[in-house]
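The next block holds one structure in the form of structure tokens; read it before the comments.
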2 protein chains.
Amino acid sequence: MPQPAGRAQRRGGGSRKPREERWAELFAVATDIFHEKGYEGASLQDIADRLGMLKGSLYYYIHSKEDLLFEVINEVHRQGLENIVALASQPGDPLQKLRNVIVGHIEHMCRHLTGTTVFLHEMESLPPERQAEILGGEHAYRSVFLDLVSKAKADGLVRDDIDPKLASLAILGSVNWVYRWFRPGGEFTPRHIGEQFADLILRGLVAD
Amino acid sequence: MPQPAGRAQRRGGGSRKPREERWAELFAVATDIFHEKGYEGASLQDIADRLGMLKGSLYYYIHSKEDLLFEVINEVHRQGLENIVALASQPGDPLQKLRNVIVGHIEHMCRHLTGTTVFLHEMESLPPERQAEILGGEHAYRSVFLDLVSKAKADGLVRDDIDPKLASLAILGSVNWVYRWFRPGGEFTPRHIGEQFADLILRGLVAD
DNA sequence: CCTACCGATCGGTAGG
DNA sequence: CCTACCGATCGGTAGG
């Protein structure tokens, strides 16, 4: 959802790339640079250099450095949430859904490793209000996992002594930690990681 | 393990605090500031202000900003590792040890939340060589968990289809994620979190 | 998008 | 620890 600063219209006649396309490039480069150097460690100069434009020219597309980070994180979060909500909406009992969400979320994270890292690492570089704006008041991400575990328990699929809140935080932790050690082309494929994790977790939850 | 810059000896006669004590204050303040603003977002000016000295004066105690971060992270890591190694050395079968390590590690992290956060968040602000120097070539932290799961499996305590490497990464993730949501005085006590997590994990691992 | 610029701040140092 | 300082870089802006 690009939202460039709506300053003035371009005047020159020789522009090669339309504004939207250039914004997409800026978005991608910013994601990479924030990933490489962290938000505070990255400078607009770094971003401009890689795009081949001058630093001041970035302000044709953005309002501020912080806004740029917000755009990146908001978009990454939106896509990730969309993914797990879709997975959780498919047919099946709560535990089957949980399995699909775990596997699908890990696959999604691994496919978008750079953006995911920026989201999970630079979120707190944003002021609290903007963090809340992205996460939603009740932490949409967590809610998906919490709802599934709660429903599974209500259906008698989960042991009595399991606290759905703590269990869902444990699950979220193991899953979200993956970006810290996963390397594309490494020892494990995302699907294999997801299935092993799901096995381990479901086995820990289920009633005998 | 304070390691102040060994510049010159103090000359003045009116100094109130010995060098070691002042270094400890610097260390504590730096940990707090790095926690509040992140390494890149924190300035030596911030640290000096809180200590009530001038920025340039910090260089009586440190060599560089990066060295200061290194000292903080290295010490936090050392203490954390010491804690879990001690727990893993106590008597019991591998699964009992794993339980103790999980609970004890969560308690330790929650008791040292600020330092833990700096360690887990700012590690990558250090150059790769210094990261390796802290973690050790084979990632001492991970090894403790991996060894326990591997031994438990060798003893036939763990299901055949569990991959110790993936299982230990899943465990480490759920445990290390705690600093992201734990709040002192909140709904759960560290011990309770640890025991619930251990229940969930061990139940996921054990052979029938 | 470029030109040309600003005030503020950064980590760090010489010398005492 | 302070005085006094440096070169470099920061995010951002006016005007076109």
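So you know, we letter chains A, B, ... as the sequences are listed, proteins then strands, and number each from 1. Because the structure is predicted, anything quoted here is derived from the model rather than measured.
- Between B:Y61 atom OH and D:dC1 atom C1' the separation is 7 Å, expressed in whole Å.
- As a whole-Å value, the separation of B:I62 CD1 from C:dT13 P is 10 Å.
- The structure places CG of A:L51 at 10.5 Å from OG of A:S57, a figure rounded to the nearest 0.5 Å.
- Remark: P of C:dT13 and NE2 of B:H63 are 11 Å apart, rounded to the nearest angstrom.
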| said: Pair A:D199, A:R99 - check salt bridge (charged side-chain N to carboxylate O under 4.0 Å, His left out), show working. | reply: CA-CA 8 Å; A:D199 285 348; A:R99 166 176 288 277; 2.8 Å; yes

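- Listed nucleotides: D:dC1, C:dC2, D:dC2. Nearest to the side chain of A:M53: C:dC2.
- For the pair A:L58 CG and D:dT13 P, the computed distance is 13 Å after rounding to whole Å.
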With 3.5 Å as the limit, what N/O pairs link the protein to nucleotides 7-11 of chain D?
residue, atom, partner, partner atom, Å
D:dC10, OP1, A:S43, OG, 3.1
D:dG11, OP1, A:A42, O, 3.4
D:dG11, OP1, A:K65, NZ, 3.1
D:dG11, OP2, A:L44, N, 3.1
D:dG11, N7, A:K55, NZ, 2.6
D:dG11, O6, A:K55, NZ, 3.1

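- Defined by atom type and a distance below 3.5 Å, a donor-acceptor pair is missing between the side-chain atoms of B:N83 and B:Q79.
- For B:F197 and B:H192, the gap between ring centers reaches or exceeds 6.0 Å.
- In this structure, B:H121 has its ring center closer than 6.0 angstrom to the ring center of B:Y179.
- Each of B:H112, B:E107, B:H105, B:R111 was evaluated against B:M109; a single residue qualifies, B:H105, per the side chain to side chain contact (heavy atoms under 4.5 Å, CB included) test.
- Residues A:R180 and B:E124 are not paired through a salt bridge, judged by the lack of any N-O separation under 4.0 Å between the basic side chain and the carboxylate.
- Between A:W23 atom CH2 and C:dC1 atom P there is a gap of 13 Å when expressed in whole angstrom units.
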| request: Return one dot-bracket line describing DNA chain C 5' to 3' (Watson-Crick or G-U wobble pairs, both distances under 3.5 Å; ( ) same strand, [ ] crossing, | another strand, . none). | output: ||||||||||||||||

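- The OH-C1' distance, from A:Y60 to C:dC2, rounds to 13 Å in whole Å.
- Figure legend: cation-pi geometry between B:K65 and B:Y39, with NZ or CZ positioned under 6.0 Å from the six-membered ring centre and within 45° of its axis.
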